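Below is one structure, written out as structure tokens; the observations come after it.
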Amino acid sequence: MNVDGFVSGPPTQPENPTDTQRHMLTRYALLQKGRPEDFEYIRNLTAPPQDITTIIRPGELHGVRVGVIGAGLAGLASAFELRKTGADITVFEAEEKRVGGRVYTYYFDQSKNLYGELGAMRIPVSHETVWHYINHFNISSRPFVQANENALIYLKDTRVRNDAEGANVMKYIYPKYNLTEWERRTPWQQLVYYGLESPLLPANPEQRSELLQVKPTYNDFNLYWDSQSNRTIMESLGISQGAINLISNLSPLAGQNLYNSYIDIAQANYPANLSYLYEIPGGTSTIPNSMYKSLINKNPTKDYPGIPSESLGNVDVKNGNWVTGIYRDDNTGKVKLAYSNRNTTNPQYETFDYVICAIPFSTLRTVDINPLFSDIKMQAIKEVNYIPAQKTLMLCNRRFWEEGGPEEQIIGGGSITDLPITTIWYPSDHSRYCHKRTKYMSNSFPFNRLTMPEQSQVPLSTEPGVLIASYNYNLDSERVANMPAGLREREIKREVEEVHGLPAGYLDDIAVEFKTLNWNDYPWSRGALTFYTPEQKRLFSYGMALPEYDNRVFMAGDHISAAHRWMQGALQSGMIAANQLAMGFRESGSR
């Protein structure tokens with residue numbers, strides 16, 4: 001052990017990690033980023049809240065009716081926790097055939113062996129609430145390869161391998177950009193770290209911890225980060241426009257949100273989200289599907305250990321039904337929901353003692369609300385920014401990216417380009433078999449190397465596989481997704497060929513099926529990801545999360561959490577909303 005408690009390299013990243021192993025990985029990642037003192041803050045702030053049975057006894061809410069709007073992760077978590085109280089729960093979900101919201105695994109085959117993620121695809125080791133449910137439902141997990149030295153960086157018509165030291169980019173791509181002398185001497189990973197992560201260092205651990213909190217007021221560091229765009233933050237550090245352009249290409253989330261608030265990039269970097277990640281074999285949808293199967297199970301005693309089955313509430317999941325109105329009865333204080341489906345022309349109504357609203361504000365915007373929620377809530381519903389995102393999956397009859405020698409095979413990780421497709425992501429499922437043993441797991445300096453366990457070197461590139469052939473945000477997502485389907489697929493193939501140095505038409509007989517989803521066009525999200533514009537955290541974050549109708553309507557979803565865009569924010573907010581409801585009942589003494 002060295003003085004920091006680690007051996008001469010990083011800790012290993014095993015499949016199905018224990019909490020202790022995850023915490024070791026998080027500590028190491030924070031040490032590499034110069035902020036090891038943030039660990040306890042992050043662990044506590046991402047942890048699930050107190051169990052609802054410490055607020056309300058199991059079965060105490062028998063006869064209380066709760067409506068849950070939306071069966072995304074937030075709605076499912078709130079329903080799962082509230083069932084412990086004995087409440088009668090009705091979940092309204094617009095999708096007819098699936099749950100999970102923006103967790104969406106798309107399967108190309110009936111056996112569900114060939115799939116890709118149109119939504120959430122990776123889980124940071126530091127997201128305690130997500131791991132709470134992974135452990136609870138005994139869901140398998142394996143390392144998600146975030147970066148791979150054999151993957152490609154293709155900028156300004158120049159192709160290089162993504163070596164850990166950044167030497168290839170410095171030698172061949174830097175000359176294409178107008179960089180200052182110190183920028184030319186600095187590896188690109190350090191440039192990205194300096195521009196997007198180093199602004200966190202002047203704050204102390206308590207001040208940084210507010211990045212994962214929702215509060216009425218914030219300290220001066222958070223107010224400054226909130227008020228600045230990603231571009232102005234980098235300009236304030238003396239980074240040249242050429243380097244900003246370079247960083248924008250190498251860090252697409254920040255680069256395609258240059259004029260949105262830095263607070264959202266700071267919030268993502270603070271818990272070292274991209275240092276060590278995991279995925280779910282069989283698809284991320286395993287998480288919401290596990291919750292759903294439990295909710296529709298009439299006798300789910302194994303999911304609620306220690307709670308008698310007679311104390312559990314009844315749950316009715318109404319797939320194919322979307323809420324069109326939220327109304328308060330001034331006489332009883334109860335909440336009436338109007339909802340519709342494809343089989344009726346007139347809305348139907350149900351009345352509830354409490355409601356949890358777990359749909360994005362982008363869709364809540366077109367729900368009739370009477371009386372109106374608070375002024376700040378209504379303003380947030382109208383104004384809070386959602387960015388577009390697009391993913392195109394490409395089913396290939398062989399894994400062309402895994403062909404070649406040890407220095408050529410791309411097994412996991414992503415390639416970065418300044419072409420409209422922006423990024424290409426390779427499946428990680430063969431990583432245990434790869435010839436090249438060493439990978440690194442972070443796109444920010446310094447790199448965390450991962451040595452995979454030795455396995456037999458089986459040639460698996462002849463198997464079919466699914467590539468995320470294009471993943472992008474904002475303008476490029478709209479430009480790619482809005483092309484006619486046939487033209488879009490041809491364009492994506494040509495760009496993937498260009499990035500990989502393949503001749504035109506090479507993929508015509510290899511790419512056999514596509515699936516594109518532009519979340520801006522998806523009717524039940526109307527936007528992909530909450531990403532504040534400058535000042536929106538200060539203005540709206542606290543008011544967005546407050547209950548309405550005198551503690552009868554509660555809010556849930558990653559958009560009202562401090563962890564935008566991650567399953568962590570959705571799941572934790574759903575648990576918090578359930579607890580708020582239980583506390584409201586306890587304090588009122590009645591339904």
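From a predicted model like this one, the values you see are computed outputs, not experimental measurements.
Glu165 and Gln189 are not linked by any side-chain donor-acceptor pair at a separation below 3.5 angstrom, with hydrogens and angles left out of the test. Between the side chains of Glu128 and Ser126, no donor-acceptor pair of N or O atoms lies under 3.5 Å. There is no side-chain donor-acceptor pair under 3.5 Å between Thr46 and Gln568. Side chains of Thr232 and Gln228: a donor-acceptor N/O pair is present below 3.5 angstrom, by distance only. Checked by atom type, the side-chain pair Thr392/Ser470 shows no donor-acceptor distance below 3.5 Å. A donor and an acceptor atom, one from each side chain of Gln409 and His430, are nowhere located under 3.5 Å apart. Inspection of the Tyr154 and Asn249 side chains reveals no N or O donor paired with an N or O acceptor under 3.5 Å. For the residue pair Asn162 and Glu149, no side-chain donor N or O sits within less than 3.5 Å of a side-chain acceptor on the partner. Side-chain polar atoms of Ser285 and Thr105 form a donor-acceptor pair below 3.5 angstrom. Gln190 and Arg185 share no side-chain donor-acceptor pair at under 3.5 Å. A donor-acceptor contact under 3.5 angstrom links the side chains of Glu183 and Thr180, judged on distance only. No side-chain donor from either of Gln256 and Asn472 sits under 3.5 Å from a side-chain acceptor of the other.
Using a cut-off of 4.0 Å between Lys/Arg side-chain N and Asp/Glu carboxylate O, Glu37 and Arg208 are scored as salt-bridged. Ion pair Glu279/Arg142 flagged as a salt bridge, since at least one NZ, NE, NH1 or NH2 atom sits closer than 4.0 Å to an Asp/Glu carboxylate oxygen. A salt bridge links Arg398 with Glu403: the closest approach of a Lys/Arg side-chain nitrogen to an acidic carboxylate oxygen falls below 4.0 angstrom.
The number of heavy atoms from other shown groups lying within 6.0 Å of CG (Asn178) does not exceed 12.
Aromatic ring centres of Tyr194 and Trp182 lie closer together than 6.0 Å. Outside the 6.0 Å centre-distance limit, the rings of Tyr506 and His500 are not counted as a close aromatic pair. Centroid-to-centroid, the aromatic rings of Trp131 and Tyr278 come within less than 6.0 Å.
Partner of Asp558 under the side-chain hydrogen bond (donor to acceptor under 3.5 Å, both in side chains) criterion, chosen from Arg565, Arg102, His564: Arg102.
Distance alone, capped at 3.5 Å, is enough to place a donor-acceptor pair between the Asn168 side chain and the Arg161 backbone. No donor-acceptor pair closer than 3.5 Å links the side chain of Thr129 to the backbone N or O of Gln572.
The cationic group of Lys537 lies under 6.0 Å from the six-membered ring centre of Tyr218 and within 45° of the ring axis, placing it in a cation-pi geometry. By the 6.0 Å and 45° rule, Arg184 does not stack over the aromatic ring of Tyr174. For Lys156 and Tyr177, the positive end sits near the middle of the six-membered ring, less than 6.0 Å away and at most 45° from its axis.
For the pair Asn148/Tyr426, no side-chain contact is recorded, criterion being any heavy-atom separation below 4.5 Å from C-beta on.
Using a 30° and 60° split on the angle between ring planes, Phe39 and His23 fall in the perpendicular class, above 60°. In this pair, Trp519 and Tyr522 present their aromatic rings perpendicular. The plane angle is above 60°, beyond the 30 to 60° band.
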Please lay out, stage by stage, how Arg27 and Asp38 fare under the test salt bridge (charged side-chain N to carboxylate O under 4.0 Å, His left out).
CA-CA 9 Å; Arg27 286 181 183 275; Asp38 287 343; over 6 Å; no
Would Glu498 and Arg494 count as a salt bridge (charged side-chain N to carboxylate O under 4.0 Å, His left out) if you check the C-alpha gap in whole Å, the side-chain angles of each, and the deciding distance to 0.1 Å?
CA-CA 6 Å; Glu498 186 175 349; Arg494 297 294 88 82; over 6 Å; no
Full working for side chain to side chain contact (heavy atoms under 4.5 Å, CB included) between Glu495 and Thr417
CA-CA 9 Å; Glu495 293 189 24; Thr417 175; 5.8 Å; no
